[in-house]
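All chains are named by letter (A, B, ...) in the order of the sequence lines, taking the proteins before the strands, and each is independently numbered beginning at 1.
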Amino acid sequence: MVHLKKETEYLGADVVIDAVGAEADGNFLQHVTSSKLKLQGGSPIALNWAIDSVRKGGTVSVVGAYGPIFSAVKFGDAMNKGLTLRMNQCPVKRQWPRLFEHIRNGYLKPSDIVTHRIPLENIAEGYHIFSAKLDDCIKPLIVSTAA
Amino acid sequence: MVEIPTPYTARKPALKESAEDLRARIPGWGADLDPVDRPSYPREQPGIETGAHWDFPERQEEKWPRERSIEHAFMTPVFGTSTPPRGASGAIRKYAYKYSEGRAAHWLLLIAADRVDAWEHHLSSFATLRPDNPVTETGVLSEFSRRGISSRFGKKRADLSHQWIDPVVIGAPWALAAGGVAAATLKVLRKRRVA
């Protein structure tokens with residue numbers, strides 16, 4: 001957050017996107033109450049960082065997913081900074097044709113982020129590699145071997 | 001003179017890099033700049049073709065009194081039937097639906113029911129030829145084959161401080177259950193010896 005402030009000459013960014021969501025890490029209390037005890041509908045660490053690092057009057061856009069019950073979000077900060085909060089699950093049908101154009105034009109390359117290809121029969125190990133972030137795993141693909 | 005940062009000066013800051021420079025450097029930068037290209041603009045698109053051939057869909061047959069939200073006027077026309085509520089977890093789930101989604105009790109009961117359900121299934125698996133095996137089925141063996149230690153240490157991972165909880169949360173219920181079974185068995189054996 002302080003880094004972001006320095007990068008923007010101590011103003012804060014115009015727009016911050018929370019693309020992490022409920023599984024965000026970095027705060028012991030938030031992690032234990034959300035991921036472990038399930039007393040929060042996801043740990044809003046990334047969202048709180050977004051609220052803190054955007055400039056006053058800026059926009060926070062949330063694509064990271066959260067669960068149905070309450071989360072410890074710094075709502076007062078968002079209100080007092082006059083932020084605009086925009087969020088949704090992806091309206092895929094509406095966005096898909098345009099995104100596909102971007103892929104065809106070479107603007108987006110989804111294959112660049114794929115780090116692991118895991119056969120379906122190794123799914124248990126595959127899931128553990130993914131969830132414990134072993135072996136620098138970022139985006140695994142499950143592949144069916146019976147092709 | 002020391003340069004004064006933006007928040008304390010009157011004028012709007014200039015961009016560090018112009019739009020032209022960014023467009024030249026990053027392929028696709030600003031591709032959605034023109035609102036005409038944006039699928040989300042305008043937000044409201046009247047007369048959109050939904051593809052639905054019905055006004056109110058045909059109602060699915062309700063083969064058992066399915067739990068439903070009290071925030072709905074009636075059972076939704078279509079609903080899932082893949083996991084009928086069963087046993088103690090089913091009873092808790094049905095009870096949770098007495099509360100609206102606006103109540104914490106609704107969600108906390110459903111979370112508790114999930115835990116009960118998991119253990120109902122673990123226990124019932126022991127009556128089958130393929131009992132649950134937490135060692136092979138959690139995939140934890142990949143810790144050995146996929147650099148469990150070097151993936152974690154020396155990498156400034158934010159989650160390192162609380163990773164010790166994971167084996168406790170996942171392993172402790174199994175360890176306690178195994179300990180309980182062992183203690184009960186010992187007790188029975190001792191009683192027999194005495195008799």
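- Hydrophobic clustering (side-chain heavy atoms under 4.5 Å, transitive across Ile, Leu, Val, Met, Phe, Trp, Tyr) keeps A/Val32 apart from A/Leu29.
- At most 12 non-hydrogen atoms from other residues, nucleotides or ligands lie less than 6.0 angstrom from CZ of B/Phe144.
- B/Phe79 and B/Trp64 sit in two unconnected hydrophobic clusters of ILVMFWY residues. Membership requires side-chain heavy atoms under 4.5 Å apart, directly or through other members.
- For a residue to count as touching a neighbouring chain, one of its non-hydrogen atoms must lie under 4.5 Å from one of that chain's; by this rule B/Val140 touches chain A with backbone and side chain alike.
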All donor-acceptor atom pairs under 3.5 Å, backbone and side chain, chain B-chain A:
| residue | atom | partner | partner atom | Å |
| --- | --- | --- | --- | --- |
| B/Thr6 | OG1 | A/Glu9 | OE1 | 2.4 |
| B/Lys16 | NZ | A/Glu7 | O | 2.9 |
| B/Ala31 | O | A/Arg98 | NH2 | 2.8 |
| B/Asp32 | OD1 | A/Arg98 | NE | 2.8 |
| B/Asp32 | OD1 | A/Arg98 | NH2 | 3.0 |
| B/Asp32 | OD1 | A/His102 | NE2 | 3.2 |
| B/Asp32 | OD2 | A/His102 | NE2 | 3.1 |
| B/Asp37 | O | A/Arg98 | NE | 3.1 |
| B/Pro39 | O | A/Arg94 | NE | 2.9 |
| B/Pro42 | O | A/Arg94 | NH2 | 2.9 |
| B/Arg43 | O | A/Arg94 | NH1 | 3.3 |
| B/Arg43 | O | A/Arg94 | NH2 | 2.9 |
| B/Glu143 | OE2 | A/His128 | NE2 | 2.6 |
| B/Arg146 | NH1 | A/Asp135 | OD2 | 2.9 |
| B/Arg147 | NE | A/Asp135 | OD1 | 3.0 |
| B/Arg147 | NH2 | A/Asp135 | OD1 | 2.9 |
| B/Ser151 | OG | A/Asp135 | N | 2.6 |
| B/Lys155 | NZ | A/Asp136 | OD1 | 2.5 |
| B/Lys155 | NZ | A/Asp136 | OD2 | 3.3 |
| B/Arg157 | NH1 | A/Ala132 | O | 3.1 |
| B/Arg157 | NH1 | A/Lys133 | O | 3.2 |
| B/Arg157 | NH2 | A/Ala132 | O | 3.0 |
| B/His162 | ND1 | A/His31 | NE2 | 3.1 |
| B/His162 | NE2 | A/Asp25 | OD1 | 2.5 |
| B/His162 | NE2 | A/Asp25 | OD2 | 3.4 |
| B/Asp166 | OD1 | A/Lys36 | NZ | 2.8 |

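- One hydrophobic cluster, built from ILVMFWY side chains closer than 4.5 Å, cannot hold both A/Ile45 and A/Ile17; they sit in different ones.
- Environment of CZ in B/Arg86: sparse, with no more than 12 heavy atoms of neighbouring residues, nucleotides or ligands closer than 6.0 Å.
- A/Val16 and A/Ile51 fall within a single hydrophobic cluster, where Ile, Leu, Val, Met, Phe, Trp and Tyr side chains are chained together by heavy-atom contacts under 4.5 Å.
- Hydrophobic clustering (ILVMFWY, side-chain heavy atoms < 4.5 Å, transitive): A/Leu47 and A/Leu4 are in distinct clusters.
- Residue with the most contacts toward chain B among A/Leu108, A/Ile69, A/Leu99: A/Ile69 (heavy-atom pairs, distance under 4.5 Å).
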